[in-house]
Protein chains: 2
Amino acid sequence: MSAVKKSLNMRGKSMQDALLMLNILAHPLRLSILCTIIESGEITAGDIVASEPQASQSQISQYLRAMRESGILTARRDGLFVYYSLKDKKAAAIMKILKDLYC
Amino acid sequence: MSAVKKSLNMRGKSMQDALLMLNILAHPLRLSILCTIIESGEITAGDIVASEPQASQSQISQYLRAMRESGILTARRDGLFVYYSLKDKKAAAIMKILKDLYC
DNA sequence: CTTTTATATTAAGAAAATTTAATTTACAAA
DNA sequence: TTTGTAAATTAAATTTTCTTAATATAAAAG
């Protein structure tokens with residue numbers, strides 16, 4: 001047994017990782033974009049924009065980048081189009097439990 | 001079958017409920033307070049303050065109130081002390097999966 | 001009634017996130 | 001090489017959230 005308490009809590013680096021994820025999910029547009037991507041499997045940026053009539057192309061592009069840079073999404077370009085899909089399985093797991101709890 | 005598409009997604013009121021929860025969890029102090037309360041079962045406001053050396057009493061009290069008003073926590077007073085505990089089982093379920101995923 | 005301890009409230013300033021508008025880059029086709 | 005479409009970038013304005021400091025309330029004890 002080490003001198004450091006081995007607790008089952010969320011402090012330290014693991015908490016920071018969880019917070020990063022929570023902060024991304026905790027926004028209506030980002031959460032909705034994630035729903036759309038999960039439902040589609042893979043979808044172009046333009047189709048995401050089309051699915052969010054109230055949001056601007058700029059805002060969506062900014063959030064797609066943020067989610068890509070944080071490792072939640074991946075993107076591949078095919079000609080003019082950029083296809084987004086989910087990369088982080090932890091995001092999928094959290095989205096699933098949110099659906100189970102709230103839907 | 002109604003004309004409205006019956007989808008398995010997160011839109012509408014259910015999404016708003018989930019967002020309310022996510023917004024509360026998405027802050028290091030609030031998340032840490034919730035961890036402490038879950039670990040303790042029931043704990044006084046003062047002991048929560050003592051467990052957060054970097055946070056002020058005022059800030060903790062404000063967040064306790066916000067979490068109580070949003071239905072996540074309950075509180076009971078016994079003399080000078082106010083005991084907090086978890087009320088919303090959805091919060092517990094989300095905290096559990098966060099621990100499973102990130103710890 | 002005064003003091004002490006625990007907790008809550010309020011308001012203002014500081015910091016961070018969100019939103020919007022304008023512009024730019026990337027690629028393909030004519 | 002110009003044009004059109006898709007997507008990304010930048011910067012400023014706006015809004016929201018967080019933090020701090022000061023004060024107030026609630027309850028018990030002396």
Side-chain angles (χ1 to χ4, degrees), chain A residues 15-37 40-87, chain B residues 15-16 18-37 40 42-87:
Chain A
M15 179 152 120
Q16 289 191 320
D17 292 343
L19 278 169
L20 191 70
M21 175 65 70
L22 288 169
N23 272 292
I24 286 167
L25 298 183
H27 186 278
L29 181 54
R30 287 190 299 260
L31 191 64
S32 184
I33 289 172
L34 262 178
C35 277
T36 298
I37 291 173
S40 307
E42 195 180 51
I43 183 173
T44 66
D47 283 346
I48 295 171
V49 171
S51 77
E52 303 288 350
Q54 307 200 309
S56 68
Q57 182 267 329
S58 172
Q59 199 182 5
I60 291 173
S61 182
Q62 287 176 67
Y63 283 149
L64 287 174
R65 172 155 83 136
M67 291 194 272
R68 191 161 29 81
E69 286 179 345
S70 76
I72 292 183
L73 301 180
T74 31
R76 71 177 175 88
R77 181 179 275 271
D78 182 6
L80 272 182
F81 299 95
V82 176
Y83 291 84
Y84 284 86
S85 56
L86 197 70
K87 182 181 186 185
Chain B
M15 178 152 122
Q16 289 191 316
L19 278 169
L20 190 69
M21 175 66 70
L22 289 169
N23 272 293
I24 286 168
L25 299 183
H27 185 279
L29 181 55
R30 288 190 299 259
L31 191 64
S32 183
I33 290 172
L34 261 179
C35 279
T36 299
I37 292 174
S40 308
E42 194 180 51
I43 184 171
T44 67
D47 284 346
I48 296 172
V49 171
S51 76
E52 302 288 350
Q54 308 200 307
S56 68
Q57 181 267 330
S58 172
Q59 198 181 6
I60 291 174
S61 183
Q62 288 176 66
Y63 283 149
L64 287 174
R65 172 155 83 137
M67 291 196 271
R68 191 162 28 82
E69 286 180 344
S70 76
I72 291 183
L73 300 179
T74 31
R76 71 177 174 88
R77 182 178 273 272
D78 182 5
L80 272 182
F81 299 94
V82 177
Y83 291 84
Y84 284 86
S85 56
L86 197 71
K87 183 181 186 185

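Chain naming here is simple, since letters A, B, ... match the order of the sequence lines and numbering starts at 1 in each. Keep in mind the model is a prediction, meaning the values are calculated, not measured.
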Per-nucleotide protein contact string for nucleotides 6-22 of chain C (B base, S sugar-phosphate only, - none; heavy atom under 4.0 Å): SBBBB-------SBBBB
Minimal non-hydrogen separation, B:N23 against A:A26, with atom names: OD1-O, 3.3 Å
Heavy atoms from other residues, nucleotides or ligands near CD of A:E69 exceed 12 (cutoff 6.0 Å): yes
Spacing of A:I48 atom CD1 relative to D:dA6 atom P, expressed in whole Å: 14 Å
Student check: side-chain heavy atoms of A:E52 and A:Q59 closer than 4.5 Å: no
Close side-chain approach of A:M67 and A:I37, heavy atoms under 4.5 Å: no
Residue pairs involving residues 52-87 of chain B (criterion ring-ring contact (aromatic ring centres under 6.0 Å, His included); sequence neighbours excluded): B:H27-B:Y63
